[in-house]
Every structure is written in structure tokens, then in C-alpha cells.
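A short worksheet on the structure shown next.
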Amino acid sequence: MKNLYLDIDGVILKKDGTPAENLTLFLEYATKNYECYWLTTHCDGDAHKPFLYLVGKVPSEVLPYIEKIKPTKWKLWKTEGIDFSKDFLWLDDTQFEGEKNTLIEKGALHKFILIDLKTHPTQLLDTVQGENSP
């Protein structure tokens, strides 16, 4: 099963702090079809931290899916939290030069998907469903 790395701010939550469109459908689909991991400043190796951060910001029906998302730990670049030995997608609204360079070095730049919920409100669900279509 492919790994899916998720940021929170700008991905799970829009820039204004409200949930992304189709968030429940997205997380239901993602947690069934991918091994999901938090790749966010809200995690730091503890999946309980992003859960607590999201409680009250997302619909309650999302919480069982959020509980399935595993933690990552990284210090400087989020790419430190990625397992490059497995196939993956990384959804984030920002990419720093150091992260981009690491992805290029690993031949994995195409696995990063820049999320822009303002321009593409349904991008989350469209991305994961499109990835698995025949």
C-alpha cells in the first residue's frame, strides 16, 4: 500500500482555518487506500497532537479517520519524515528548497503534490481518487 503524507494547515484545513471541501470523503478514501502519515509541524512524532489540534475545527465524523493517521518525526525538512523505501504521495501547500532538493536527489519530485484549495477547492479528493483510477 502506498504511503500518503499529509500536512494540516492549507491541506486538511483551508487558510482560513475551516475544513477543506469533501474532507470526510477524502479522509475516508485516503485511510482505506493508503497508509496515512502526518507530515506537519503539529505532529512531532505524536499522532495525538494533530488530533487534538483538529478537534473542534473539523466535523466530528472526520475524527475516526484522523485517528488512523500515523505520526512522523522530522527536525529541519519534512522530507526527513518520509520513508523513501516505499512508494508515496506527499500533499502540502508549501515546499521549501531543501525539501525540493531532497526529492530531486531521491528521484521523487513527482510524488509531491502542491495543494491550493483556494484555486482548486476539491483538489484533495480529486488527487487521491485520480491516483487510483484505472
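Throughout, numbering of the chain's residues begins at 1 and tracks the sequence.
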Any ion pair linking [Y] and [X] (charged N to carboxylate O, less than 4.0 Å)?
X	Y	value
Glu35	Lys70	yes
Lys73	Asp46	no
Lys15	Asp9	no

request  = Kindly determine whether Trp90 and Phe88 satisfy side-chain contact (heavy atoms from CB on, under 4.5 Å), including the steps that lead there.
outcome  = CA-CA 7 Å; Trp90 171 20; Phe88 71 91; 4.3 Å; yes
inquiry  = Within the supplied structure, the quantity of interest is the number of heavy atoms (other residues, nucleotides, ligands) at a distance under 6.0 Å from Lys32 NZ; does it exceed 12?
reply    =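 Counting other residues, nucleotides and ligands, NZ of Lys32 stays at 12 neighbours or fewer.
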What's the shortest heavy-atom distance between [X] and [Y], and which atoms?
X	Y	answer
Pro64	Ser60	CD-O, 3.6 Å
Ser85	Asp83	OG-OD1, 2.5 Å
Pro71	Ala47	CB-N, 3.6 Å
Ile8	Trp38	CG1-CZ3, 3.5 Å
Pro50	Cys43	CD-CA, 3.9 Å
Tyr65	Leu27	CB-CB, 3.7 Å

request  = Check the pair Val58, Leu23 against side-chain contact (heavy atoms from CB on, under 4.5 Å), reporting the backbone distance first and the verdict last.
outcome  = CA-CA 8 Å; Val58 297; Leu23 183 60; 3.7 Å; yes
Close side-chain approach of [X] to [Y], heavy-atom, < 4.5 Å:
X	Y	answer
Tyr53	Leu13	yes
Lys49	Thr41	no
Asn101	Trp77	no
His120	Asp126	no
Asp87	Lys111	yes

In this structure, would [X] and [Y] fall into the same cluster of hydrophobic residues linked by side-chain contacts under 4.5 Å?
X	Y	value
Phe51	Leu39	no
Phe26	Ile115	yes
Val128	Ile82	no
Val11	Leu114	no
Val62	Ile12	yes

[X] [atom1] to [Y] [atom2] distance, which is reported to the nearest 0.5 Å:
X	Y	atom1	atom2	result
Leu103	Glu105	CG	CD	9.5 Å
His48	His42	NE2	NE2	15.0 Å
Leu89	Cys36	CG	SG	10.0 Å

task = Check the pair Asp93 / Asp116 against side-chain contact (heavy atoms from CB on, under 4.5 Å), numbers first and verdict last.
result = CA-CA 6 Å; Asp93 66 317; Asp116 181 352; over 6 Å; no
Passing option when Tyr5 is tested against Trp74, Tyr37, Phe84 for ring-ring contact (aromatic ring centres under 6.0 Å, His included) =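 Filter result, single survivor: Tyr37.
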task = Go through the steps to decide whether Leu63 and Val55 satisfy the test side-chain contact (heavy atoms from CB on, under 4.5 Å), and finish with yes or no.
result = CA-CA 8 Å; Leu63 299 179; Val55 168; 4.1 Å; yes
Would a distance-only check, ignoring hydrogens and angles, find a side-chain to backbone donor-acceptor pair under 3.5 Å from [X] to [Y]?
X	Y	result
Thr18	Lys14	no
Glu21	Leu124	no
Asn22	Leu25	no

ask   = Looking at Leu6, Leu4, Thr40, which one forms a side-chain contact (heavy atoms from CB on, under 4.5 Å) with Ile69?
value =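 Considering Leu6, Leu4, Thr40, a side-chain contact (heavy atoms from CB on, under 4.5 Å) with Ile69 is found only for Leu6.
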task = Only one of Thr94, Thr79, Ile104, Asp92 passes side-chain contact (heavy atoms from CB on, under 4.5 Å) with Glu99; say which it is.
result =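 The passing option is Thr79.
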